[in-house]
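Each remark here refers to the structure printed beneath this line.
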Number of protein chains: 2
Amino acid sequence: MKPTILVVEDDRMIRELVSIYLEKAGYEVIVAANGEDAKESFRVFQPCLIILDLMLPKISGEELCSWFRSEKRNEVSIIMLSAKAKTQDKIDGLKMGADDYMTKPFDPAELVAHVEAVLRRTGQFCQKITYGGLSIQPRKGEVQLFGKKLPLTKNEFNLLFHFMDNPNIVLSRDDLIYQLYPYNDKMVLDRTIDAHIKNLREKIEDEPSSPKRILTVRGMGYKFVHD
Amino acid sequence: MKPTILVVEDDRMIRELVSIYLEKAGYEVIVAANGEDAKESFRVFQPCLIILDLMLPKISGEELCSWFRSEKRNEVSIIMLSAKAKTQDKIDGLKMGADDYMTKPFDPAELVAHVEAVLRRTGQFCQKITYGGLSIQPRKGEVQLFGKKLPLTKNEFNLLFHFMDNPNIVLSRDDLIYQLYPYNDKMVLDRTIDAHIKNLREKIEDEPSSPKRILTVRGMGYKFVHD
DNA sequence: GAGATATTCATGAAATCTTCATATTCCACA
DNA sequence: TGTGGAATATGAAGATTTCATGAATATCTC
């Protein structure tokens, strides 16, 4: 499953050039030539990254950026594209919530490198997180331990994902319960989490020699560690 | 609770210029003029972001970058700084694991904007309070003394956090008790606090030569001091 | 309904907390 | 400068909390 990138650009030449490079780099590319289409594509395809030209007809790139950032759309990364090369323009763009800012004209290969840098950091949900031989692919719903597929239950999977998304951070049982039941519709005991942790540990720390991945932090919760 | 930034740059002028801007923007800044110092500072201060010049004496910036990445994979963000402005240089830098790449000469205000863009993603994880080699990272549930991890119990941790959050302020035992039991559900004696303080002191003032961090203010309570 | 999964329960062991008894320090005042 | 009383430090013992675990029960899914 490839990460999806939305390219918002009204200039057809640039749009296609960028698309070709991104596709060659292994991404799923969606294009939009104006703000309306961009919003629609965003809703439908839920891209993990947006390449956003600032000079657009009707709805401006800046306005779109705010829209993407509003509500709970913070997860998506945005790389701005603009002919405006003044320092203040760049600062304004970044302050607006862009993760990166590139000036036209640009080398598409460099754009790809920037995309990869940004996704390495933020696109975890779209791709794969790996720590010491343990890797999780959220979209595929798949977990591998040194290449061997691990069958996890839904709760185990969600727990592990949240752990690997927050390495070295102490997660309280309340926090973990909330991850499993975001709608607060269920009253479960702390002990339930313990039980899931136990089962999860058995699966990801299968051999006695394998490193302890999930530490218990007495009185506080659990922590996924690496290194 | 400012994020810590490590600036690795051999040119003193640039180093100080960058430091000034970053400090003005509210960051805790550590500087290093060469690779060895950088590694040492990295270990001790655990910065959440590194501004890394590529042209360094002895150990190159590229080598350092790999070292940082191997040391703590994703945890630290890296912004590269270089006079090399060719597209291929930027691509190489980003591929090496940098989160961003800026070319010299640069506007320090723009650098700050880039720093903020990068930290917007990752900054929440590296909140930290540091006084004289003693640092606490609430989200990690971790305390370090000159880079060495200290195992604290929950109460010790909470006490220390409250102390470091209120440096140089006298905290009464009642206040401290309230910190440990915000729900007022427990009646504990003042002596209990004394006992925790004793254990905490043993851990954070482990050597006879180490400075006294927690002072007793007779008749009033305790005070965490620095400088 | 059957198998898989989720949740709860009960238990023991271990870590941690709290208190108590005693020692030490500090300060006021002679 | 010495002394007594109050406040704090300390070590150890007992009490409590917390967690891992295995088994029992409930719930979900097909």
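Here the structure is a predicted model, which is why all the values come from computation and not from measurement. A note on names: the letters A, B, ... follow the listed sequences, proteins ahead of strands, and every chain is numbered from 1.
A straight line from CG of B/L215 to P of D/dT8 spans 13 Å, rounded to a whole angstrom. If you measure from atom CG of B/L200 to atom C1' of D/dT8, you get 16 Å, rounded to the nearest angstrom. Atom CG of A/D194 is separated from atom C1' of C/dA10 by 14 Å (rounded to the nearest Å). In this structure, A/E202 atom CD and D/dG22 atom C1' are separated by 10 Å, rounded to whole Å. Atom C1' of nucleotide C/dT7 and atom CD1 of A/I177 are separated by 11 Å, given to the nearest angstrom. Distance CD1 (B/I197) to P (D/dT10): 11 Å, rounded to an integer number of Å.
Positionally, the nearest nucleotide of DNA chain D for A/V217 lies more toward the 5' end than for the other of A/K198 and A/V217.
As judged by a 4.0 angstrom heavy-atom cut-off over every strand, A/Y222 is placed among residues touching the sugar-phosphate backbone only.
Note on A/R173: every side-chain N or O is 4.0 Å or more away from OP1 and OP2 of D/dT18.
In this structure, the side chain of B/R15 engages the main chain of B/E9 through a donor-acceptor pair within 3.5 Å.
Residues A/E116 and B/K95 are paired through a salt bridge, judged by an N-O separation under 4.0 Å between the basic side chain and the carboxylate. Taking the charged nitrogens against the carboxylate oxygens, A/R120 and B/D99 have no contact shorter than 4.0 Å, which rules out a salt bridge. Salt bridge annotation for B/E156-B/K203: present, with a cationic side-chain nitrogen under 4.0 angstrom from a carboxylate oxygen.
Summarising the geometry of A/S77 relative to B/R121, their closest heavy-atom pair is CA-NH2, 3.6 Å, with the distance given to 0.1 Å. In this structure, A/L189 and A/I177 approach most closely via the heavy-atom pair O-CD1, 4.2 Å.
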Nucleotides 12-25 of chain C: protein proximity per nucleotide (B base, S sugar-phosphate only, - neither; heavy atom, under 4.0 Å): --BBSSSBS----B

